[in-house]
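First the structure, in the form of structure tokens, and then the observations on it.
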Amino acid sequence: WKFQPPVRGAINPDPLVAQVDANSLEWPLTFRPWKPGDYLYPLGMKKKKKVARVLIDAKVPLPEKDRVWVLLSGDRIVWIAGYKLDDRFKVKETTREIVVFTLSQTP
């Protein structure tokens, strides 16, 4: 994955790109493999959902689940890399700066 400095612009629909409200982040950020019990508030939802359930709903094959990583701000999941953004970090009308995270696919 790559970190790009804060930028303004249209929201990118690519699942390999996460655009988040810079002011909602708690630094430093952490990037690690997901663990059983991890949860987030999926974009557009007000209830929490376990990462395991998000991956099941996305029909992620079992071997691929072992390669899924999460981006954390403090102890809160910001993004299931390549799959789902947390609603608490979404870009809002009041957002002044956007941080863009890009997941690089390696062969």
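Quick caveat, the model's predicted, so the values are computed rather than measured.
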Nearest heavy-atom contact between L16 and G82 is CD2-CA, 4.2 Å
Exercise for review: Look at the side-chain heavy atoms of Ile, Leu, Val, Met, Phe, Trp and Tyr, link any pair under 4.5 Å apart, and say whether L29 and V68 land in one connected group.
Suggested key: no
Q. Under 4.5 Å between side-chain heavy atoms, hopping through other hydrophobics if needed: is there a path connecting Y41 to F89?
A. no
Does any non-hydrogen side-chain atom of V20 lie less than 4.5 Å from one of W79? no
Do you reckon V60 sits in the same ILVMFWY cluster as L103, going by side-chain contacts under 4.5 Å, direct or chained? no
Check your understanding: Taking the side chain from S73 and the backbone from E26, do they hold a donor-acceptor pair closer than 3.5 Å?
Key -> yes
Q.
With side-chain contact (heavy atoms from CB on, under 4.5 Å) as the criterion, how do D87 and M45 come out once you've worked through the C-alpha distance, each side chain's angles and the decisive distance to 0.1 Å?
A. CA-CA 7 Å; D87 195 74; M45 292 181 64; over 6 Å; no
Closest heavy-atom pair, R32 versus D38, reported as atoms and distance to 0.1 Å, is NH1-OD2, 2.9 Å
Rounded to the nearest 0.5 Å, the CG atom of L55 sits from the NZ atom of K49 at a distance of 10.0 Å
To the nearest 0.5 Å, atom CD1 of I77 lies from atom NZ of K48 at 11.5 Å
The reported gap from CZ in R76 to OG1 in T30 (rounded to nearest 0.5 angstrom) is 12.5 Å
Applying side-chain contact (heavy atoms from CB on, under 4.5 Å) to R67 and not counting sequence neighbours gives E64
Do F31 and I80 share a hydrophobic cluster (ILVMFWY, side-chain heavy atoms under 4.5 Å, transitive)? no
Check your understanding: Under the 3.5 angstrom rule, does the side chain of W34 hit a backbone N or O of K65 as a donor-acceptor pair?
Key -> yes
(Q) Please determine whether residues V78 and W69 belong to a single hydrophobic cluster, defined as Ile, Leu, Val, Met, Phe, Trp and Tyr linked transitively by side-chain heavy-atom distances below 4.5 Å. (A) yes
**OP:** For F101 and L71, run side-chain contact (heavy atoms from CB on, under 4.5 Å): C-alpha distance rounded to whole Å, both residues' side-chain angles, the deciding distance at 0.1 Å, then the answer.
**Re:** CA-CA 9 Å; F101 299 96; L71 178 67; 3.8 Å; yes
In terms of heavy-atom contacts, K90 and T95 come closest through O-OG1, 4.3 Å
- request: Check whether any side-chain heavy atom of L40 lies under 4.5 Å from a side-chain heavy atom of V70, and answer yes or no.
  value: no
*salt bridge (Lys or Arg N to Asp or Glu O under 4.0 Å) between D57 and K84, worked out*: CA-CA 11 Å; D57 292 349; K84 194 67 78 173; over 6 Å; no
So CD1 of I98 and CG of N23: to nearest 0.5 Å the spacing works out to 11.0 Å
